[in-house]
Protein chains: 2
Amino acid sequence: MPTINDVAKAAGVSPSTVSYVLSGRRPISAETRARVQAAIAELGFHPHAGARALASSKTNVIALVAPLRVDVNVPVIMQFATAVVTAARSYNHDVLLLTKDEGTAGLERVAHSTMVDALILMDLERDDLRIPALRKLKQPSVLIGLPADHTGIACVDLDFGAAARTALSHLAGHGHRRIGLVGPSPAVYRRQTTYADRFLAGFLEASADLGLRTVTHPCEPGAEGVRSCMADLDAELDGLTALVVHNEEALRPLLDLLRATGRRVPEDISIVAICPRDVAISMPVNLTSIDIPAHDVGTLAVETAMRLLEGRRVEYTRLLEPSLVERDSCREISTSHR
Amino acid sequence: MPTINDVAKAAGVSPSTVSYVLSGRRPISAETRARVQAAIAELGFHPHAGARALASSKTNVIALVAPLRVDVNVPVIMQFATAVVTAARSYNHDVLLLTKDEGTAGLERVAHSTMVDALILMDLERDDLRIPALRKLKQPSVLIGLPADHTGIACVDLDFGAAARTALSHLAGHGHRRIGLVGPSPAVYRRQTTYADRFLAGFLEASADLGLRTVTHPCEPGAEGVRSCMADLDAELDGLTALVVHNEEALRPLLDLLRATGRRVPEDISIVAICPRDVAISMPVNLTSIDIPAHDVGTLAVETAMRLLEGRRVEYTRLLEPSLVERDSCREISTSHR
DNA sequence: AGGCTCCGTCGAAGCGCTTCGACGATGGCT
DNA sequence: AGCCATCGTCGAAGCGCTTCGACGGAGCCT
């Protein structure tokens with residue numbers, strides 16, 4: 001492996017000049033620059049990352065802390081990860097992948113040993129123990145999610161409260177007055193993953209504002225979970241004409257159940273789902289849905305991190321506006337139901 | 001951030017002694033060691049990764065090159081990734097995540113700049129362009145998959161040929177003689193991802209050996225793809241009593257289709273699936289399946305990489321034996337069909 | 001008792017890069 | 001004509017660690 005010294009000799013300049021050609025931090029004449037670049041190309045020189053990190057205290061690596069349990073939401077997590085890696089590369093950074101289950105120790109390890117310049121975390125819980133640890137690090141961090149006390153830490157996410165409101169307004173606009181929420185599984189609420197709470201709060205608020213009759217229920221995974229969730233919803237409020245579904249896993253069994261029980265979508269019952277686009281269009285009925293913009297969120301997280309690294313100001317809480325896409329699962333309510 | 005010098009002063013020893021305590025490369029007396037460790041703990045010392053890499057030319061990082069397209073097989077990819085990260089951590093390594101679409105350039109970048117000690121790649125194609133590039137690197141690499149010319153590069157994967165044979169033997173053992181293969185999507189064959197070919201070859205071979213009547217067909221994604229695949233299979237061989245399904249996406253729509261057309265599983269038609277365990281048991285019928293042991297494969301890939309780094313000998317091609325788990329989708333063929 | 005061999009520790013030399021201060025050479029002022 | 005900036009380049013220091021050779025002391029042998 002050639003070093004910067006080899007390049008310098010080949011180009012007949014000093015190593016520092018090569019460095020300045022590479023970094024552009026000082027003006028270098030066009031001829032010299034050309035000569036240096038030729039030498040770099042010819043020798044196939046790549047600066048040694050460790051040496052660089054040591055001398056400059058910059059690694060050009062960011063950490064991504066992902067929940068690598070394999071249960072739920074895998075595609076969404078993957079979308080986040082893809083977006084983060086792609087965006088990071090566009091800023092000439094690489095991504096070190098950590099698992100959530102290393103907890104606080106993992107963060108501290110990579111931060112203290114100066115392996116990364118910044119951290120991006122996903123799947124934050126309401127009172128996430130990692131937050132205080134993050135505050136102590138010299139590297140900045142960006143959260144995908146919105147834990148309770150996030151002062152001083154940048155957060156990026158979909159505005160789940162607004163998403164709930166958007167869903168309900170859409171249904172209300174189509175004349176629906178009795179609406180059920182099929183929520184995430186109880187496990188999600190238990191973990192206090194923040195999007196669930198925020199969605200529920202927005203739902204209840206909008207329901208009141210719009211004067212709707214609504215009922216909400218978490219939904220266990222699997223066909224049985226869906227059956228009992230629907231039973232509960234029906235029991236607590238009869239004449240449901242629409243459902244908001246904030247639970248990707250439940251979608252397919254729910255549609256199966258509705259079909260089996262003779263409730264047609266959207267003729268008898270309308271549905272708005274909160275899920276990634278590709279999930280919405282892979283169902284037997286193309287679902288009117290509010291997208292979970294994993295790509296945008298991931299990209300924005302990286303952009304925010306980069307801004308932070310440049311010492312620029314950032315908005316510390318960025319909640320992306322939800323956007324509802326109409327497909328085939330919502331219909332103006334038939335007058336008989338009004 | 002304290003440095004090794006700070007620790008040395010605090011413990012009243014030289015920096016090299018601290019280093020030897022850390023690495024264990026030379027004997028250090030118990031008392032000295034204790035004093036040094038106390039100092040390390042007290043100061044919260046973490047060695048600087050870059051400095052370490054520079055001095056020792058070891059990074060303790062491995063690259064994982066994953067296909068981050070979000071279409072197919074996401075859960076399996078995630079399982080591989082999880083296993084790799086977890087295993088790497090158990091060897092005190094971290095994982096740098098690269099996307100496949102950076103191609104050769106990405107590999108060369110991280111290798112030449114000495115960011116990683118070894119590379120693990122997944123989703124290899126038959127004549128993968130990255131193979132020759134890998135051969136030129138000074139770092140060793142391990143492939144998850146089995147491209148055509150892999151001489152000198154370690155490969156790890158499920159033995160898909162054996163998996164096909166196992167599936168057919170199982171069905172033959174239950175009296176089935178007319179069997180269809182629902183293959184991966186044509187896109188997978190087109191990409192020449194190697195597992196598809198290997199499975200197909202094993203299938204045809206075993207079919208001949210066992211004297212079976214079989215027919216095979218790729219299967220486009222979605223309900224329509226499944227419908228036309230089944231139509232083709234039925235047209236080319238009537239009296240099918242069993243299916244081997246090597247296409248996770250197709251499973252659900254296939255089961256829907258069979259139900260809709262009045263073919264009961266397993267009463268009228270038996271099914272063996274090749275898919276991860278959790279997919280097999282999340283279907284309306286619990287499927288008899290051959291697991292894709294993503295966890296084992298990922299772990300083995302890391303172990304192999306570590307062996308290579310230690311300069312130990314490894315088996316250059318490790319194909320894991322398939323194991324079939326009986327569940328509810330296979331049945332002894334009824335005599336009327338014999 | 002003298003010579004060896006270990007053992008435990010130290011000092012110093014790098015690893016390959018960035019960055020700061022310095023310096024000669026230009027060129028634009030007054 | 002003389003002075004001061006500015007430009008382009010160089011040299012050297014230093015980032016924090018590992019590792020090699022060296023060295024005093026202890027224990028063993030003969």
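Predicted model only: the values in this text are computed from it and were never measured.
OP1 or OP2 of D:dT18 sits under 4.0 Å from a side-chain N or O of B:Arg52. For D:dC15, the OP1/OP2 oxygens have no side-chain nitrogen or oxygen of A:Ser57 closer than 4.0 Å.
Rounded to whole Å, the distance from NZ on B:Lys9 to P on C:dG11 is 12 Å.
Among the heavy atoms of the strands, none lies under 4.0 Å from B:Val18. Looking at heavy-atom distances under 4.0 Å, A:Pro47 makes contact with sugar-phosphate atoms alone, never a base. Counting non-hydrogen atoms under 4.0 angstrom, B:Ser19 reaches a base of the nucleic acid.
Counting atom types as modelled, A:Tyr20 pairs no side-chain N or O with a base atom of D:dC7 as donor and acceptor under 3.5 Å. Side-chain N/O atoms of A:Ser16 and base N/O atoms of D:dG11 include a donor-acceptor pair closer than 3.5 Å.
Looking at which nucleotide of DNA chain C each of A:Ser56 and B:Ala30 is closest to, the 5′-most match is held by B:Ala30. Along DNA chain C, the nucleotide nearest to B:Arg33 and the one nearest to A:Arg26 differ in position, and the one closer to the 5' end is contacted by B:Arg33.
Counting only distance, with no hydrogens or angles, the side chain of B:His112 and the backbone of B:Arg109 share no donor-acceptor pair below 3.5 Å.
Here the side chain of B:Ser29 is nearest to one of D:dC17, C:dG8, D:dC10, namely C:dG8. Closest to the A:His48 side chain, of the nucleotides C:dG16, D:dA12, D:dC20, is C:dG16. The side chain of B:Ala55 has D:dC17 as its nearest neighbour among C:dA22, D:dC20, D:dC17. In the set C:dC10, D:dG8, C:dC17, C:dC17 carries the atom at the smallest distance from any side-chain atom of A:Thr3.
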Given side-chain hydrogen bond (donor to acceptor under 3.5 Å, both in side chains), test A:Arg198 with A:Thr194 step by step and report yes or no. CA-CA 6 Å; A:Arg198 288 184 280 143; A:Thr194 69; 3.2 Å; yes
